[in-house]
Amino acid sequence: MCGIVGVISKQLDCNQKIRYGLKKLEYRGYDSVGYAYILDNKIIINKCKGTVENLYEKYPNLKEFNIGIGHTRWATTGKADNKNAHPHLSFHKKIALVHNGIIDNYNKIKSFLTKNGYKFKSDTDSEVVANLIEYYYLKNNNIMESLKLSSQILIGNYAVAILNIDEPDRIYFYKRKSPLVIGVSNDGLFLASDSLAFDKYCSDFIDIHDDRFGYITKDNAYVFSNKGIVDVKSYKNENKSEDNELGHYPFHMIKEIEEIPSKIEKLLDVYYKDNNYNFTNNLLECIKNSDYIIFVGCGTSYNAERILSRLTDQINKPTLTFIASEWSYYPVYFGKNPLFVFLSQSGETMDVIKCIDIVKEKGFKSLLITNSEASTLAKKADFVLPLYSGREIAVASTKAYVTMITVYLLLIGAYQNDASIIDEIKEAITAIKDIIARKDEIYQIALKIKKKKNVFFLGRGYDYDMALEASLKLKEITYIHSEAIAGGELKHGPIALIEKGVPVFCFFSDKKTYHALLNNVNEVKSRGAKVFNIVNESLKTNDEQFIIKDLPLRVSMLSKIVFAFYLAYFVSYQKGLNVDKPRNLAKSVTVE
Ligand code: F6R
């Protein structure tokens, strides 16, 4: 949440570079935006409520400069408005600062600074940080020392980039728990929350570890720990070669849905090379030696972990699933030697980071399934299975959900030394391609529900897990209230919500629950619900239905969920909403 970018260049071209970075970081927050630069011994700040487009409409006359910092915001402390937008200028106008994170003790520091004559223009914790650094700087005339001193006081998490009016040849930074990387190019250096912000300019990046601080100049990066300067390692910026452009698609979400078949194929290439599974023996041994498999994640990743947990039954290991934000406050352990499996598309979700820290402290092993190999979580996990899905730009996760399930299916195949899953996954790819080819049918169904206030999804077993994901997707991008109900639970309360005309989508994948689920369908129909079933060929019903090629149960979710992704997408699109940037959300949830 919130994206920060800083650029120092050999040319007077920072304006376009910052604009590029801000646009790329908008997925991290898009309720306000701004940038600051130094020109003619002055710090100039342009910022406003709204999107990057709004900012450049407001400030169309672009000045050229060679040092600047920028920020896209997802409001935490202080509402989304002009005054709370970043960058923040310190009281004595020495320092401009952009911040990603949350400072827990900012009120206390604010009182201290107020007593020392400081006045504040915004409600943010970030402005407090700018003033705290300035407070020390005015005493010691040394920003590095001021960063050190202030970091000893700040409680919380932060990645911060700072301009100092007295040193227009460098951008300072410090970081604790929020992501921050340095981009290196022949023309200058960058700082950003994500290497995506400078993918066009830098082929390498340097990762900054927690509790490091320092500065970049147009030629070099200087990174320090409390003990002194540290050696840094640079990595290839994989984003550089990625296709993150929309092409002919109106939104990233539909592009990402339609990438699903190729992303599954990629996983087959990577994890089943030359007819052999490609997982390390260490990981397979670790699974073998574990007596419990405990899954932890949030949102869509949590919904995926429920499926993974069911798949784990096949290897006769007891499993449990947890929501990360719950487990971190109420950690429970099962077995003597549990393996914790964390799922996180971004690898930066703070609630999950808190959990992995607890698990590490306890000395238990962890496996991370992620789309970001360079993420904070990836650095902490004992084993990492990358999804190789390419960047998800749309806030609503789609291809990551499907690839999380696929990679785990492959892992189970490797563990059981059973290649039959490969053909099943290939069948699922064919089924997905068929759904993509029939998306117009889903468009028509979406037309029928776009004006509805409530929508329900029903299922049992795997189908219930999928219903949870279908429901989350619909509500988050269409703002229609929706709920997923386990078929058998209907009569225990939720059926009270069923009234004439309410749409109920029901997933049928499992022969075992076919009749029980059909009874549930009849129950809601007889109370006036408008039922749409998503069924396998061999599990047809007499209702309006979308028929999908028969697939073995364990891979059936890979295809059926694509129906639900399209449904949510088309409803959002027909309502004229910003599909990729739903209100109040951000792609990477880096605060608790
Ligand atoms: C919903 C969605 C979110 C994320 C959740 C966890 O479409 O994308 O629910 O799944 O915020 O994010 P990651 O997987 O990055 O930990």
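Here, residue 1 is the first one in the sequence, and each next residue gets the next number. Counting starts at 1 for both ligands and their atoms, in listed order.
Nearest non-hydrogen protein atom to atom 3 (C) of ligand 1 is Thr300 N, 4.0 Å. Of the protein's non-hydrogen atoms, Ser346 OG, 2.6 Å is the one closest to atom 15 (O) of ligand 1. Atom 5 (C) of ligand 1 has Cys298 O, 3.6 Å as its closest protein atom, hydrogens excluded (heavy atom only).
The shortest N or O to N or O distance between Lys587 and ligand 1 is not below 3.5 Å.
Contacts of Glu476 with ligand 1, taken as heavy-atom pairs under 4.0 Å, involve the side chain alone. Looking at Val352 against ligand 1, nothing comes within 4.0 Å, counting heavy atoms. Residue-level proximity to ligand 1 for Thr349 is carried by the side chain, the only part with a heavy atom below 4.0 angstrom.
Of all the atoms in ligand 1, the ones that sit under 4.0 Å from a non-hydrogen atom of Lys473 are 1 (C), 7 (O). Interface of Val589 with ligand 1, defined as ligand atoms under 4.0 Å from a residue heavy atom, comprises 11 (O). The distance from ligand 1 to the heavy atoms of Ser301 drops below 4.0 Å at these ligand atoms: 10 (O), 13 (P), 14 (O).
Between Asp211 and Arg176 there is a salt bridge, with a side-chain nitrogen of the basic residue lying less than 4.0 Å from a carboxylate oxygen of the acidic one. With respect to Arg460 and Asp510, no salt bridge is recorded, no charged nitrogen being found less than 4.0 Å from a carboxylate O.
Among Tyr201, Phe173, Tyr20, the one residue that satisfies the ring-ring contact (aromatic ring centres under 6.0 Å, His included) test with Phe190 is Tyr201. Just one of Phe322, Trp327, Phe342, Tyr408 meets the ring-ring contact (aromatic ring centres under 6.0 Å, His included) condition when paired with Phe295; it is Tyr408.
In this structure, the side chains of Val402 and Met557 stay at 4.5 Å or more apart for every pair of heavy atoms. At a threshold of 4.5 Å between non-hydrogen side-chain atoms, the residues Ile425 and Tyr272 do not count as touching. Lys473 places none of its side-chain heavy atoms less than 4.5 Å from the side chain of Tyr569.
Proximity of Asn371 to ligand 1 is not established, as no heavy-atom distance is less than 4.0 Å.
In plain terms, the two heavy atoms of Met404 and Ile369 that are nearest each other are CG-CG2, 4.0 Å.
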